[in-house]
Amino acid sequence: MIRLLPSLISLVLLVCQTQALYFYIDGPSQKCFFEELPKDTLVVGSYKATQWNEQSRTYVDNPEMGIFISVDETFDNDHRIVSQRGSSSGKFTFSAADSGDHRLCFTPTNVPATSGFLFSGSQVGGIKFELDMVIGETSQIESSDKDKIGEVVQKVRDINARLQDVRREQIFQREREAEFRDQSESVNSRVVRWTLIQLCVLGVTCAWQLSYLRAFFIKQKLT
């Protein structure tokens, strides 16, 4: 693990908040560098890794290659905040919870082990790793991910529309339930009233019949 030009990187951060760099890695070995980040700083990184091809004498894409990315807070006992496995190209995002140095490490996977070799007079490795990071510039991040943000916004709108439909359906069902309850109560009250009327009629009829029979028996005894 090495510290890559900390003074230059700090100067670049102060000027434009954007970093674009590349470096070489010897096969599946780990390459790290440090970034001093303020608290609540958003970092979005885009990377691309290519592998040296001896036949073409150039770096080419390897679809089988993967990249393991880790970000540790060195000031907090190397607390890991990012642990991501991806393809040979992609993105990673994290937010600095506290101010301090953050160690960013990249490890190629599914690649053969190589040792440093000479290329154009320089000591390089079998993997060329290109990294472009946007630090703390929300506007740039939103601009680069505008399409994705638009898709998310549209999905949120669709979900809200569906929720509104569900809400309207629930209100309609409640109204129908209240109407049915009112009709049921009305029918029940009518049934109760009719039952009471029938009981009253039966009571009057029974009383009349008893009165008639009593009068009849009394009359029969008199005659």
Side-chain angles (χ1 to χ4, degrees), residues 17 37-47 63 66-73 75-100 102 109 133-223:
Q17 299 294 321
L37 300 173
K39 183 178 180 181
D40 297 328
T41 300
L42 180 64
V43 178
V44 176
S46 300
Y47 67 88
I67 299 293
F68 176 72
I69 304 170
S70 63
V71 179
D72 301 320
E73 296 176 335
F75 56 88
D76 189 16
N77 295 323
D78 290 336
H79 174 243
R80 180 155 294 180
I81 58 176
V82 174
S83 180
Q84 174 181 325
R85 295 184 183 274
S87 59
S88 58
S89 62
K91 286 187 176 183
F92 63 93
T93 305
F94 69 92
S95 181
D98 290 300
S99 301
H102 291 68
T109 58
M133 291 198 306
V134 180
I135 301 176
E137 289 290 339
T138 306
S139 59
Q140 295 185 24
I141 295 171
E142 289 179 351
S143 177
S144 62
D145 293 340
K146 186 176 181 180
D147 293 338
K148 293 183 179 179
I149 294 176
E151 292 177 1
V152 172
V153 170
Q154 185 61 41
K155 289 181 180 179
V156 171
R157 290 176 178 173
D158 292 340
I159 292 174
N160 287 333
R162 292 180 182 178
L163 289 175
Q164 292 296 329
D165 292 338
V166 172
R167 181 176 178 82
R168 284 193 293 268
E169 182 66 22
Q170 289 178 341
I171 294 174
F172 175 71
Q173 292 296 335
R174 283 198 296 267
E175 291 176 352
R176 291 191 61 183
E177 181 182 357
E179 183 180 355
F180 178 76
R181 184 173 59 252
D182 294 339
Q183 291 180 353
S184 298
E185 292 177 354
S186 176
V187 171
N188 290 334
S189 63
R190 291 178 183 177
V191 170
V192 171
R193 284 198 301 269
W194 178 245
T195 301
L196 293 176
I197 291 172
Q198 287 182 326
L199 290 176
C200 291
V201 171
L202 288 175
V204 171
T205 303
C206 291
W208 179 79
Q209 288 180 344
L210 291 175
S211 176
Y212 176 80
L213 291 174
R214 182 170 178 274
F216 175 77
F217 288 132
I218 293 174
K219 183 178 180 180
Q220 289 295 327
K221 289 181 180 180
L222 291 174
T223 58

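Atoms CZ and CD1, on Arg85 and Ile67 in that order, are 11.0 Å from each other to the nearest 0.5 Å. Here the straight-line distance linking atom CG of Asn188 with atom CZ of Arg190 works out to 11.0 Å at 0.5 Å rounding. Here the OG atom belonging to Ser83 is positioned 13.5 Å from the CZ atom belonging to Phe94, to the nearest 0.5 angstrom. We find the CE-OH distance between Met133 and Tyr47 to be 14.0 Å, quoted to the nearest 0.5 Å. In this structure, CD on Gln164 lies 7.0 Å from CG on Asn160, to the nearest 0.5 angstrom.
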As a quick check of understanding, evaluate side-chain contact (heavy atoms from CB on, under 4.5 Å) for Leu163 and Arg167, giving each step before the final call. CA-CA 6 Å; Leu163 289 175; Arg167 181 176 178 82; over 6 Å; no
Worked check of side-chain contact (heavy atoms from CB on, under 4.5 Å) between Leu37 and Val43: CA-CA 9 Å; Leu37 300 173; Val43 178; 3.8 Å; yes
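Using modelled atom types, no side-chain atom of Thr93 and backbone atom of Val44 make a donor-acceptor pair closer than 3.5 Å. The backbone N or O of Ala96 sits nowhere less than 3.5 Å from a side-chain atom of Thr41 that would complete a donor-acceptor pair. Put simply, the side chain of Ser189 gets close to the backbone of Glu185: a donor and an acceptor are under 3.5 Å apart.
The shortest side-chain heavy-atom distance between Val153 and Arg157 falls under the 4.5 Å cut-off.
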Result block: side-chain N/O donor-acceptor pairs under 3.5 angstrom for residues 191-204, not counting sequence neighbours:
unit_1	atom_1	unit_2	atom_2	d
Thr195	OG1	Val191	O	2.7

Sequence neighbours excluded and cut-off under 3.5 Å, please list the side-chain donor-acceptor pairs for residues 171-183, or say none.
unit_1	atom_1	unit_2	atom_2	d
Gln173	NE2	Glu169	OE2	2.9

